[in-house]
There are 2 protein chains.
Amino acid sequence: MTSRTDQKEQTRQHILECAADLFRTQGVAGTSLTDIMTEAGLTHGGFYAHFKNKEDLLAHSYTAAMDSSREEWFEDIIEHEPEEALRLLINRYLSRDHRDNPDEGCPMPALLGELEKEGLCATEAEQALRTSIHRAKPSVAQARHLSPEAADAETVATFATMVGGMLLARSVADEDYSNYILKSCRAFLKKEIR
Amino acid sequence: MTSRTDQKEQTRQHILECAADLFRTQGVAGTSLTDIMTEAGLTHGGFYAHFKNKEDLLAHSYTAAMDSSREEWFEDIIEHEPEEALRLLINRYLSRDHRDNPDEGCPMPALLGELEKEGLCATEAEQALRTSIHRAKPSVAQARHLSPEAADAETVATFATMVGGMLLARSVADEDYSNYILKSCRAFLKKEIR
DNA sequence: CGTTTCATATGATGACTATCATATGAAATC
DNA sequence: GATTTCATATGATAGTCATCATATGAAACG
């Protein structure tokens, strides 16, 4: 019985990952359940053995994507000194590579716009954001020599700039201008503009 | 013949406005052409007398919304001294009022996420962004005593923070936390964190 | 005042999609 | 090895939507 249960759990995780990828690339409304199941190498009918409905899948896949994404971002960053850690985070988040690969990138710029309509996953989105901010806060506090409260506010605003910068960079047709947007936001966050 | 032509142009503008409102509130995919025409007090069939298709409507309504939105933001702001003008822009953009009324607010946080999928309106989005940045730049340059190039980069990043901050504030379930996000971004942009 | 024009309305059509009922076939259990 | 279980597949249904063909009725025009 274990093997079959394991198999099902594995399939569930696989669906979750495929969904997160497709949602980030094509949008939630632009991705059908059939798209997702096909991408997972399955057929559409089996979907409801794993999830209650599309919204249920969305909530789980958003959280899962935020978790694994956060894991990646902070995995090796924590090893560095605070100043370097913050610099690395900013450079990587606002990179061309991140811009060009939304399917494996941060879910926030890719999905928040759609989630907020109709209050979809508002609780999941909030919890995931809070966790990410909590994770980045120590580096910000030390790198900038800030009190805990000030560091929290600064971290929130830093995230806003990174998410907004990525959104703008992705929405622009001209690649040079898109690169310029990324560069400007990096310089701004690294306080290099004067 | 004039009266009828005028009438049609007026109807077209009205459809454009209704579409922009609904797109910003419910999203592009979440709004049907019937929704829009009904909101405009018309029936669905007449739509194609005014626009080629939904994408055509989207492009026009996004640009129109950006234009009128920009007009509102900068209308009375320009009258003030640069420092005060910038402060006003930040306070108004990152306000609860703006957060709670996306239908008459800036189209960027509301729509860019959906537009970037499939490269919809990438050219229109870029042009509108460039125009807005160009409009805000003088205030930033003077308020911050920056060279033209530095002012441009600073303006781009300021927009990123405002757009990202609004996106985050709107995506969060708890109103207190949402308020806190807005407040943090305002303080950050006004360089009040230390 | 009759005729034409055309802005808008009515009424299809075909495609797509979420969801559900039921079938199948391989693994697990006896 | 026969039977049961259940993960996944097949097939159906109902609803929605973009798009288009055609109708209507009022204003413009002669």
In whole Å, I'd like the distance from the [atom1] atom of [X] to the [atom2] atom of [N].
X	N	atom1	atom2	value
A/K52	C/dT19	NZ	C1'	13 Å
B/K8	C/dT8	NZ	P	7 Å
B/F51	D/dC17	CZ	P	19 Å
A/N53	D/dG15	CG	C1'	16 Å
A/E55	C/dA18	CD	P	13 Å
A/Q10	D/dT8	CD	C1'	15 Å
B/L58	D/dA18	CG	P	12 Å
B/H50	D/dC20	NE2	C1'	16 Å

Donor-acceptor pair, distance only, cut-off 3.5 Å: does the side chain of [X] make one with the backbone of [Y]?
X	Y	answer
B/T161	A/T161	no
A/R87	A/K190	no
B/K54	B/V28	yes
B/H60	B/D56	yes

Is there side-chain contact between A/I181 and B/F159, with heavy atoms separated by less than 4.5 Å?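 No; the side chains remain at least 4.5 Å from each other.
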So if I take residues 23-49 of chain A and measure heavy-atom distances to DNA chain D, which residues fall below 4.0 Å?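 Heavy-atom cutoff 4.0 Å gives A/L42, A/T43, A/H44, A/G45, A/G46, A/A49.
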Which nucleotide sits closest to the side chain of B/K54: D/dA18, C/dA7, D/dT8? D/dA18
So, OP1 or OP2 of D/dA7: does either fall under 4.0 Å of a side-chain N or O from A/T11? no
Rounded at 0.5 Å granularity, tell me how far NZ in B/K137 sits from OG1 in B/T155.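 It comes to 7.0 Å.
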